[in-house]
J.: 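My questions all concern the structure below.
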Amino acid sequence: MTDPIERTARFLLEAERPVVFTGAGVSTESGIPDFRSPGGVWDRFDPREMTYKNFVGTETGRRKYWEIGRHSYPLMRKAEPNRAHLAITELHRLGRLDCCITQNVDNLHQRAGLPEEKVIELHGNATRARCLACERPYSRDEIQEWLDGGVEIPTCAECGGIVKPHTILFGEPMPPGATEEAERRARASDVFVVVGSSLVVYPAAYMPVHAKHAGAALVIINLSRTPYDAQADVQITGKAGEIMHAIVRRLRSLQ
Ligand code: NAD
């Protein structure tokens with residue numbers, strides 16, 4: 001059996017704890033650019049400016065961050081889930097998904113109907129924000145209203161502290177709870193499907209390694225090559241929406 005769609009569908013059919021791991025590539029078909037493809041985010045912004053240290057430590061860093069965020073957030077907010085997100089939700093409905101570990105912050109898995117408890121967000125969620133001093137939560141939509149109203153650097157209405165989106169910046173520690181849970185679920189999985197990730201951002205990119213070392217079958221679906229392709233049991237070069245849709249259709253026909 002050589003057809004990679006068929007092989008992946010059969011892996012999923014027989015799996016007890018299938019895990020899907022997604023990156024920015026799962027959302028490009030929704031119109032949200034990834035970081036590393038040509039035309040992606042790093043072609044337009046300097047990544048060195050987007051560090052935790054710059055944000056927390058300097059007013060200039062925060063001003064720049066919010067200036068970019070004011071323009072990029074509405075694009076993310078109006079994006080709709082695509083066929084890849086919907087196919088992953090369908091895996092859940094078919095009882096073929098232990099969880100979806102995502103590096104994305106765009107909330108599109110949840111908007112595609114995947115229950116909150118099935119999504120492990122390694123890098124946070126851009127629809128939420130909070131005060132770093134008193135922990136008061138804010139919706140990012142509310143902060144957007146402040147920005148649109150002329151506020152350049154949002155501060156907490158309660159205590160004046162620094163307000164920061166619930167996303168992980170470069171140099172910021174990963175949320176320990178989500179990271180440990182993701183590692184545990186990766187190690188316990190029997191099929192681990194990577195969709196739309198360059199697998200170069202660590203520690204997130206260790207997840208497929210944990211899964212593979214623990215004995216899972218590894219499937220990698222991506223538009224470009226990844227450093228782990230040689231270790232994959234199935235490697236598919238293609239678009240996430242098309243490929244995931246085809247896999248789920250095949251799986252349904254096998255059930
Ligand atoms: P990345 O930009 O490093 O890699 C994305 C990969 O997806 C690339 O290898 C590209 O070839 C592939 N790709 C692009 N379009 C695709 C498609 N239609 N089908 C299949 N593959 C496709 O992204 P990453 O690995 O997720 O790591 C970068 C970091 O950036 C992560 O932390 C992520 O959270 C963050 N990020 C998130 C979003 C989002 O939330 N949507 C967007 C940009 C960046």
Side-chain angles (χ1 to χ4, degrees), residues 4-5 8 20-47 49-52 65 68-69 71-88 100-112 114 119-128 140 165-175 178-179 182 192-209 219-229 232 234-248:
I5 303 285
T8 307
V20 173
F21 174 89
T22 61
V26 86
S27 295
T28 54
E29 289 165 67
S30 295
I32 304 176
D34 62 11
F35 275 174
R36 288 173 184 78
S37 296
V41 176
W42 292 147
D43 279 0
R44 284 173 286 137
F45 303 121
D46 182 352
E49 289 182 31
M50 294 296 138
T51 62
Y52 182 65
Y65 177 91
I68 294 170
H71 293 101
S72 58
Y73 180 70
L75 297 176
M76 198 196 82
R77 204 67 180 97
K78 76 169 206 281
E80 293 293 332
N82 64 53
R83 289 204 297 177
H85 299 105
L86 296 173
I88 294 165
C100 175
I101 302 170
T102 188
Q103 298 173 84
N104 293 347
V105 298
D106 56 28
N107 207 39
L108 286 181
H109 287 299
Q110 292 91 328
R111 290 207 27 232
L114 202 54
V119 186
I120 301 177
E121 293 172 319
L122 292 177
H123 296 160
N125 185 309
T127 65
R128 299 195 302 268
R140 181 61 182 78
H166 231 298
T167 53
I168 304 299
L169 293 175
F170 284 102
E172 182 173 359
M174 304 262 289
T179 308
F192 193 92
V193 184
V194 175
V195 190
S197 175
S198 60
L199 296 180
V200 298
V201 177
Y202 290 91
Y206 284 127
M207 298 301 162
V209 181
V219 178
I220 298 181
I221 301 162
N222 204 49
L223 261 188
S224 56
R225 307 301 304 212
T226 81
Y228 296 104
D229 287 359
V234 180
Q235 187 272 325
I236 306 178
T237 303
K239 285 192 152 188
E242 193 182 308
I243 304 292
M244 287 306 293
H245 178 76
I247 289 168
V248 170

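Every number for a ligand or one of its atoms is a count from 1 in the order of the listing. Please read all numbers here as calculations on a predicted model, not as lab measurements.
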J.: Asn125 and side-chain contact (heavy atoms from CB on, under 4.5 Å): which single residue from Asn107, Val119, Val105 fits?
T.: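 Going through Asn107, Val119, Val105 one by one, the side-chain contact (heavy atoms from CB on, under 4.5 Å) with Asn125 is satisfied by Asn107 alone.
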J.: Arg225 versus Gln235: any side-chain heavy-atom pair under 4.5 Å?
T.: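 Contact flag for Arg225/Gln235 side chains = yes.
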J.: First locate atom CD1 of Ile220, then atom CG of Asp229, and finally report the distance between them rounded to the nearest 0.5 Å.
T.: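 CG of Asp229 is found 5.0 Å from CD1 of Ile220.
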J.: Below 4.5 Å, heavy atoms only, C-beta onward: do Asn104 and Ile32 meet side chain to side chain?
T.: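 No. Closest side-chain heavy atoms not under 4.5 Å.
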J.: Compare all side-chain heavy atoms of Ile236 with those of Thr8 and state whether any distance is below 4.5 angstrom.
T.: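 Ile236 vs Thr8: side chains touch.
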J.: Check ligand 1 against Ser27 and write out every atom of the ligand that is under 4.0 Å from a heavy-atom position of the residue.
T.: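 Going through ligand 1 atom by atom, the ones under 4.0 Å from Ser27 are 41 (N).
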J.: Numbering the atoms of ligand 1 from 1, which are under 4.0 Å from a heavy atom of Ser198?
T.: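 By the 4.0 Å cutoff, the relevant atoms are 1 (P), 3 (O), 4 (O), 5 (C), 6 (C), 9 (O), 25 (O).
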J.: What atoms in ligand 1 come closer than 4.0 Å to a heavy atom of Ile32?
T.: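 Per the distance check, 41 (N).
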J.: Mind checking ring pair (Phe, Tyr, Trp, His ring centres under 6.0 Å) for Tyr73 and listing every partner two or more places apart, or none if nothing turns up?
T.: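 Listed in chain order: nothing, the list is empty.
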J.: Heavy-atom distance under 4.5 Å between the side chains of Arg83 and Glu242, does that happen here?
T.: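 Counting from C-beta outward, Arg83 and Glu242 do come under 4.5 Å.
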J.: Is ligand 1 under 4.0 Å from a heavy atom in the side chain of Ala205, in the backbone, in both, or in neither?
T.: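 The answer is neither.
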J.: Between Thr28 and ligand 1, find which residue part has any heavy-atom pair under 4.0 Å and reply side chain, backbone, both or neither.
T.: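 It is the side chain that gets close, since no backbone atom is under 4.0 Å.
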J.: What atoms of ligand 1 come within less than 4.0 Å of a heavy atom belonging to Val201?
T.: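 The list of qualifying atoms is 27 (O), 28 (C).
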J.: So, regarding Ile221 and ligand 1 (criterion: nitrogen or oxygen to nitrogen or oxygen, under 3.5 Å), is there a contact or not?
T.: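 No.
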J.: As a check for students: among Ala24, Gly25, Ser224, identify the option with a heavy atom nearest to atom 24 (P) of ligand 1.
T.: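 The option holding the nearest heavy atom is Ala24.
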J.: Given His123, Glu242, Arg225, which one has a non-hydrogen atom that is nearest to atom 31 (C) of ligand 1?
T.: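 The nearest heavy atom belongs to His123.
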J.: Judged on heavy-atom distance to atom 25 (O) of ligand 1, which of Gly124, Gly238, Ser197 sits nearest?
T.: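 The nearest heavy atom belongs to Ser197.
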J.: State the CD1-NE2 distance between Ile243 and His245, to the nearest 0.5 angstrom.
T.: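 Going from CD1 on Ile243 over to NE2 on His245, the span is 11.0 Å.
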J.: Show every side chain to side chain donor-acceptor pair (under 3.5 Å) that has at least one partner inside residues 193-202, sequence neighbours left out.
T.: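 Pairs touching residues 193-202 that pass the test: Gln103-Ser197, Tyr202-Tyr228.
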J.: Under a 4.0 angstrom heavy-atom cut-off, which atoms of ligand 1 come close to Asp106?
T.: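 With Asp106 as reference, the close atoms of ligand 1 come out as 39 (C), 40 (O), 41 (N).
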J.: Check ligand 1 against Lys239 and write out every atom of the ligand that is under 4.0 Å from a heavy-atom position of the residue.
T.: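 Near Lys239, meaning under 4.0 Å from one of its heavy atoms, ligand 1 has 19 (N).
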J.: About how many Å separate CD1 of Ile88 and OG1 of Thr22, when rounded to the nearest 0.5 Å?
T.: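 With rounding to 0.5 Å, OG1 (Thr22) is 5.5 Å from CD1 (Ile88).
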J.: Using a 4.0 Å cut-off to any heavy atom of Gly23, which atoms of ligand 1 qualify?
T.: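 With Gly23 as reference, the close atoms of ligand 1 come out as 26 (O).
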J.: Hey, which atoms in ligand 1 end up nearer than 4.0 Å to a heavy atom of Gly196?
T.: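 By the 4.0 Å cutoff, the relevant atoms are 5 (C), 6 (C), 7 (O), 21 (N).
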J.: Measuring from the heavy atoms of Pro33, does anything fall under 4.0 Å of ligand 1?
T.: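 Checking ligand 1 against Pro33, which is what was asked, there is a heavy-atom contact under 4.0 Å.
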